[in-house]
K.L.:
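Let me give you the structure first, and then I'll get to my questions.
Keep in mind it's a predicted model, so treat the numbers as computed, not measured. Hydrogens, waters and symmetry mates play no part in the numbers below; they use all other heavy atoms, side chains included.
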Amino acid sequence: MKITIAMLSLLATTLLSGCTPRIEVAAPKEPITINMNVKIEHEIHIKVDKDVENLLKSRSDLF
């Protein structure tokens, strides 16, 4: 009787060990590419006082 219980527990252990999940880590076959096509546009708006604006209009040689 003890041998039968031992054989059944050994069989159960063997069957349950076959159900463990397996995780595999592997490198990709193709290299990883990152596309960096970025278009950046800027618009700068400057508010100036009327005095400064009149000065810039009258003295165009400042800039």
K.L.:
Closest heavy-atom contact between Ser58 and Leu55?
P.N.:
OG-O, 3.1 Å

K.L.:
Same cluster or not: are Ile34 and Ile40 linked, directly or through other Ile, Leu, Val, Met, Phe, Trp or Tyr residues, by side-chain heavy atoms under 4.5 angstrom apart?
P.N.:
no

K.L.:
In Å, rounded to the nearest 0.5 Å, how long is the span from CG of Leu10 to CD1 of Ile5?
P.N.:
13.5 Å

K.L.:
For Met7, what are the other residues in its hydrophobic cluster, where any two members join if their side-chain heavy atoms are less than 4.5 angstrom apart?
P.N.:
Ile3

